[in-house]
Amino acid sequence: MNPSRRNPLISMLWDWIGVVPFFVFITAFLIFPSLNLFSGAFKDANGNFTFTNLNFFTDSYVIKSYITSLQVSVITSVVGGIFGFMVAYAIVLGRTPRWMRNILTTFSGLAANFGGVPLAFSFIATLGRTGFITAILKNICYNGADGSAVCPFNPYDNGFNLYSLLGIVLAYTYFQFPLMVLTITPALQGLKRDWREASENLGASSTYYWMNVALPILWPSILGAMILLFGSAFGAFATAQALTGGSLALVTILIGQQIRGDVLGNPNEGYALALGMVVIMAFTIAGYTLLKRRTARWLKV
Amino acid sequence: MSFLKLTNVYKLFTEIPAVEDFNLEAEQGEFISFLGPSGCGKTTTLRMVAGFEMPSSGQITISGKDLTYVPPNKRNVGMVFQSYALFPNMTVAENIGYGLKASGKPKAEIKQRVEEMLELIHLGNLGARFPSQLSGGQQQRVALARALAIRPQVLLLDEPLSALDAKIRVELRQEIRRIQQQLGITTIYVTHDQEEALSLSDRVVVMSQGRIEQVGTPAEIYTTPSTEFVARFVGQINLLPIHVVDQPAGLVKVGQQPVRTSRSVNYSDEKALRLAIRPEELNPGHREDANNLTGVVETVTYLGSIVRIRVLIEGNSVLMDLFNERRLRLPAVGESFELNFDTDACWLL
Ligand SMILES: Nc1ncnc2c1ncn2[C@@H]1O[C@H](COP(=O)(O)OP(=O)(O)OP(=O)(O)O)[C@@H](O)[C@H]1O
Ligand SMILES: [Mg+2]
């Protein structure tokens, strides 16, 4: 049939039918819950409108949980971001052999999606109190001056504790840096060899090229990747829950406690906490957009 | 003494050499083209002059100074890339000033030089634009200005026009030649477009499979190609198998039809000789004081200003180009056809 003679309405429906599942999904699992969350944050247990849930934010325990969450997110995205950038650089621009690149890329694809209970468990099995690396370190002993055994490498005698902020940071970094590798690799691949050579040809040093060409061009992608890392750490719940059993107060863990529905919980306060997270994410993304606009004027034209 | 000199330059990447036995001397201010088919080593040679590749052996000197192993950012050789390679995060003016800024020149000097360059490429008012806001031809002008801003000793261009459409290409190549002559800068221009090479260059280097086939002025390359490769690659050529009748007299036979050539015959037993003649040297009809060959018209192709007639002579297709004048009487396919050509228009190869 000649497409130009088809009923325009039917033809339009046909064009849009492919995206219907997407919109259904988005409505059911993003828009609807978000609306629910917004309204829930301003309701009491009986469903009446109230601001009292927001009083929760003056609670020092709640403030502390936001600070901890932000700490974890910022530290893991910076550390993971730097490591991930280095690995991606090695993959794309370094002279690493092909098999090594393949290993790194495949590993990153897997590790970036490794999280929750399995991730927590693998850390407990290696660096937990009875983990096997802990066990190895613990058993490196020698005889001291008085003849008794000295074992200086037990991490738990030296202030290390997996079930703490440091442990969470370690565990998160495990998926943060591969996530950085995955998101920044295409950007690095987008750096043309000709740019580097043109720069060299014009007498510039490699440092000058990186400061004036490569990094400015990569900057929007780096910022974007950091936002992604920040968000993935900020919203993570299962890993922290499984690792610390809820003893370390992250916002997500607090929310979990509020909405679990036992006697101690107050779902509406949970909604308010989640709303706080949404606000922080919104500010972060707004900041990112602003920064990108100011530093990458050339992208706008 | 020659200004730019390549001596026995040889480059091996993996198994077969990319460039072999390359010897070239360019005078100051000379415009030289590297012409050859894809993969013949043009880019590789150019990149060795720029310093992006190191020769496996051989030497490259500019004005007597050995540059063979000098890193590219210490060579002061300007390069223009096929892809333009403009920095997308910088304005046109910043792109042009890049080399000067990198070497720490004072701001005022950079500004003045950038303006000079913008003037030179006739883009005076576009300094504040970003590369993405320019057409391909404009971008390549900027790339040229950027390469020239650092006052390089030698200018290198690697197929700078091949990403542009035909009209802009002709326009810009004349522009390149004008600027080159205005500055008197020694230039190497890589292309696989013979028209470009012939129209621009003082001398053309024809390359094949990593080796130089012939070096000469455009006229030399076209009228006296020294190898079959050059004859075939530059322009159209008819090559007809012959047997020699009288070598000193230059008398040969194409099938049963005699042909005389007044050019010297370097006869050797090992090589099967052929008669070489350009299509435009052939004329329709019979002429007493010239060579005459008779055949049958195979095709007549209309090419605008030229009509190309293919004639089957003694089992060989021979191309003849005629100017498309109104008084031209076109032969019909299958018709018997006689053509003639001067004795000094053909030679043995
Ligand atoms: N980095 C490299 N590693 C291995 N082989 C290479 C490399 N660069 C070029 N070659 C080989 O060297 C030969 C010459 O390549 P070069 O790029 O110089 O050709 P070219 O004449 O510029 O061709 P084109 O007209 O297609 O640009 C080719 O056979 C090519 O495959
Ligand atoms: Mg090339």
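In the text below, chain A, chain B and the rest are named by the order of the sequence lines, each starting its count at 1. Remember, it's a predicted structure, so these values are computed and weren't measured experimentally.
- Taking CG of A:Leu202 as the start and CG of B:Asn95 as the end, the distance is 9.0 Å to the nearest 0.5 Å.
- Heavy atoms from other residues, nucleotides or ligands lying under 6.0 Å from NZ of B:Lys11 number more than 12.
- In plain terms, the two heavy atoms of A:Glu197 and B:Phe52 that are nearest each other are O-CZ, 3.2 Å.
- A distance-only check finds a donor-acceptor pair linking the side chain of B:Asn73 to the backbone of A:Ala204 [under 3.5 Å].
- Heavy atoms of other residues, nucleotides or ligands lying less than 6.0 angstrom from CD of B:Glu119 number 12 at most.
- The number of heavy-atom neighbours closer than 6.0 Å to CZ of A:Phe83, taken from other residues, nucleotides and ligands shown, is 12 or below.
- Listed by sequence position, the residues of residues 97-114 of chain A in contact with chain B number zero, using a 4.5 angstrom heavy-atom cutoff.
- Here the closest non-hydrogen pair linking B:Tyr98 and A:Ser199 is OH-OG, 2.8 Å.
- For CZ of B:Arg178, the number of neighbouring non-hydrogen atoms (other residues, nucleotides, ligands) closer than 6.0 Å is greater than 12.
- In this structure, the separation between CD on A:Glu200 and CZ on B:Arg75 is 10.5 Å, given to the nearest 0.5 Å.
- Contacts between B:Leu86 and chain A at a heavy-atom distance below 4.5 Å involve the backbone alone (N, CA, C, O).
- Annotation for B:Ala85 and A:Trp195: closest pair O-CD1, 3.6 Å, computed over non-hydrogen atoms.
- Against chain B, the residues from residues 208-226 of chain A that qualify, each with a non-hydrogen atom under 4.5 angstrom away, are A:Tyr208, A:Tyr209, A:Asn212, A:Val213, A:Pro216, A:Ile217 in number order.
- Sparse packing is recorded around CZ of A:Phe283, with 12 or fewer heavy atoms of other residues, nucleotides or ligands lying under 6.0 Å away.
- By a heavy-atom distance cut of under 4.5 Å, B:Arg146, B:Ala147, B:Ile150 are the residues of residues 144-159 of chain B near chain A, going up by number.
- The structure places NZ of A:Lys192 at 10.0 Å from OH of B:Tyr84, a figure rounded to the nearest 0.5 Å.
- For CD1 of B:Ile16, the number of neighbouring non-hydrogen atoms (other residues, nucleotides, ligands) closer than 6.0 Å is 12 at most.
- Residues of residues 101-114 of chain B lying within less than 4.5 angstrom of chain A, judged on heavy atoms, are B:Lys101, B:Ala102 in numerical order.
- For A:Asn201 (side chain) and B:Ala50 (main-chain N/O), no donor-acceptor pair under 3.5 Å exists by modelled atom type.
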